[in-house]
Amino acid sequence: MRNRFIDLLAILAMVLAFSAVTFAQTYGTKGYSPGAWKPEELPKDLSKPKPYNSHDFAGVWSSPTKAGYFERHALNDKWLDIKDKSIPDQMRSQTYPPPMTEWAKAKFEATKPSYGPRSVPPGLGNDDVSTCDPMGYPRDLYEANLRPFEIVQASDRVLIHMQYHDIWRTIWTDGRGLPKDADLAWMGYSVGKWDGDTFVIMSTGYDDRTWLDHFGNPHSDQMVLVERWRHPDADTLTLDMTITDPKAYTAPWVGETVTFVRAKAAIFEELCVPSEEEHFNDKIRDAAVGTAKP
Amino acid sequence: MKFKSAACLALILAFALAGVPLLAHHGTGVAYDTEKTVTLKGTVTEWIWANPHCGILFDVTDDKGNVEHWGAELGNPHALSMSGLSKDILKPGDKITISGHLAKSGAPRIVLREFTTADGRTLPEKGHKGNGALLTDEPGQ
């Protein structure tokens, strides 16, 4: 009986090691970017970790990638309990936004996303991200399971560089308030300040052409985001976000607490190149649904 | 259970895990039938290594000499780089054996599970899905 138990442990260890080896050799190497510098080309003595400081968010962060992690596509989405494995995973997630206004319902019903119960093949959809329009925020944040972001803290601003689509957010910390009458921007306008150990970011001025998430949930140009970021230990960030958008939703949309972990890899260039995406769409994605010649 | 049998079982389990159908990205699971897998032998005509999607275009010739133009959808270069692929892994003229899930429309398009090169290398490497992501990155589990 004891020998059988040890054999089973050996099996489990071998199976886990088999899949973990590739991960450790690449993603676990600090400063490593696939296709750029090889690990052996990096300085041997990369900077040692700094002492923990709850106000120092600098570094590269990603959503956890261990088994059991819930791949987020929206502020509060849940996996539907669908047992039928033939249902694509893209259709098994669902958002739970507050009730929409009539304005938002019309916008929502016009969307053809590729995620959720309403999903269609990307070649038949109208998600403008498929033609390299900006993802906007907070939608780009939901890519953090595979595409990390980097936080840089300067004296008068915090910069967040998001790998997917190579987007930068500027959060001004010089005491200014939100602009009162600015032109709309794809990534909006953000200001931040400390509330004890919580970094509070307020943002507005978002171009309403972006979707709030992968499901096609809309937002208006009156949307205000409030983010509360905390750094509870050396390798963890947490985020609580509330979206207030009375033109689109009848109540604030309060998100669940999201956790990010320190990533041991450098940000990788991941532009969305319109000419390359057009070529891919023409040769693969649109051909797959019959709207382009194979 | 003897250790030799246990080791064999471990290898079987490891390869079985590597064969788990990919959980697609960017809505590809909606366009492709994950219940239908095809395996084809073809000649590469183009290797698309681009952001945010990679792809393989290849020609398949039947026994009558008719050529059909096929294409395979892959994930992004970042994930694929972590599973053994690179911008130089394929070039026009390369012979491959390639398998994937067929487009629901019936068009000659698949979303990749794996391909094997003429020198016997199978990619993505074991432990990764067809889009390069780790098999342990299963959402919702």
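These numbers come from a predicted model, not from an experiment. Order of the sequence lines fixes the chain letters, A, B, ..., with proteins taken first and strands second; residue numbering starts at 1 for each chain. Side chains are part of it too, since the values below use all heavy atoms of this structure and drop only hydrogens, waters and symmetry mates.
- Chosen from Ala72(B), Ser105(B), Gly106(B), the residue pairing most often with chain A at heavy-atom distances under 4.5 Å is Ser105(B).
- Only the side chain of Gln163(A) comes within less than 4.5 Å of a heavy atom in chain B; its backbone stays farther off.
- Here the closest heavy-atom approach between residue Ala107(B) and residue Ala288(A) is recorded as CB-O, 4.0 Å.
- A donor-acceptor pair under 3.5 Å links the side-chain atoms of Arg109(B) to the main chain of Lys283(A), judged by distance alone.
- With a 6.0 Å radius and a threshold of 12 heavy atoms from other residues, nucleotides or ligands, Glu68(B) has its CD atom above the threshold.
- No side-chain heavy atom of Leu74(B) sits less than 4.5 Å from a side-chain heavy atom of Ile284(A).
- Across all their heavy atoms, Cys54(B) and Phe280(A) have their closest contact at O-CE1, 3.4 Å.
- Side-chain contact between Pro52(B) and Tyr164(A) is present, with at least one heavy-atom pair separated by less than 4.5 Å.
- For a residue to count as touching a neighbouring chain, one of its non-hydrogen atoms must lie under 4.5 Å from one of that chain's; by this rule Leu102(B) does not touch chain A.
- Looking at every heavy atom in both residues, Ser114(A) comes nearest to Val30(B) through O-CG2, 4.2 Å.
- No more than 12 heavy atoms of other residues, nucleotides or ligands sit less than 6.0 Å from atom NZ of Lys112(A).
- For His279(A), the part lying under 4.5 angstrom from a heavy atom of chain B is the side chain only.
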Between Arg147(A) and Asn76(B), is a side chain to side chain contact (heavy atoms under 4.5 Å, CB included) present by the stated rule, with each step listed?
CA-CA 10 Å; Arg147(A) 285 94 172 198; Asn76(B) 67 83; 3.2 Å; yes

Given His53(B) and Arg285(A), is the side chain to side chain contact (heavy atoms under 4.5 Å, CB included) satisfied, shown in steps?
CA-CA 10 Å; His53(B) 302 104; Arg285(A) 184 183 268 164; 3.0 Å; yes

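- The salt bridge (Lys or Arg N to Asp or Glu O under 4.0 Å) analysis of residues 41-63 of chain B, with sequence neighbours excluded, yields no pairs.
- Within the structure, salt bridge (Lys or Arg N to Asp or Glu O under 4.0 Å) pairs that include any residue of residues 80-98 of chain B comprise Lys91(B)-Asp94(B) (at least two apart or interchain).
- Chosen from Gly116(A), Gly123(A), Ala287(A), the residue pairing most often with chain B at heavy-atom distances under 4.5 Å is Ala287(A).
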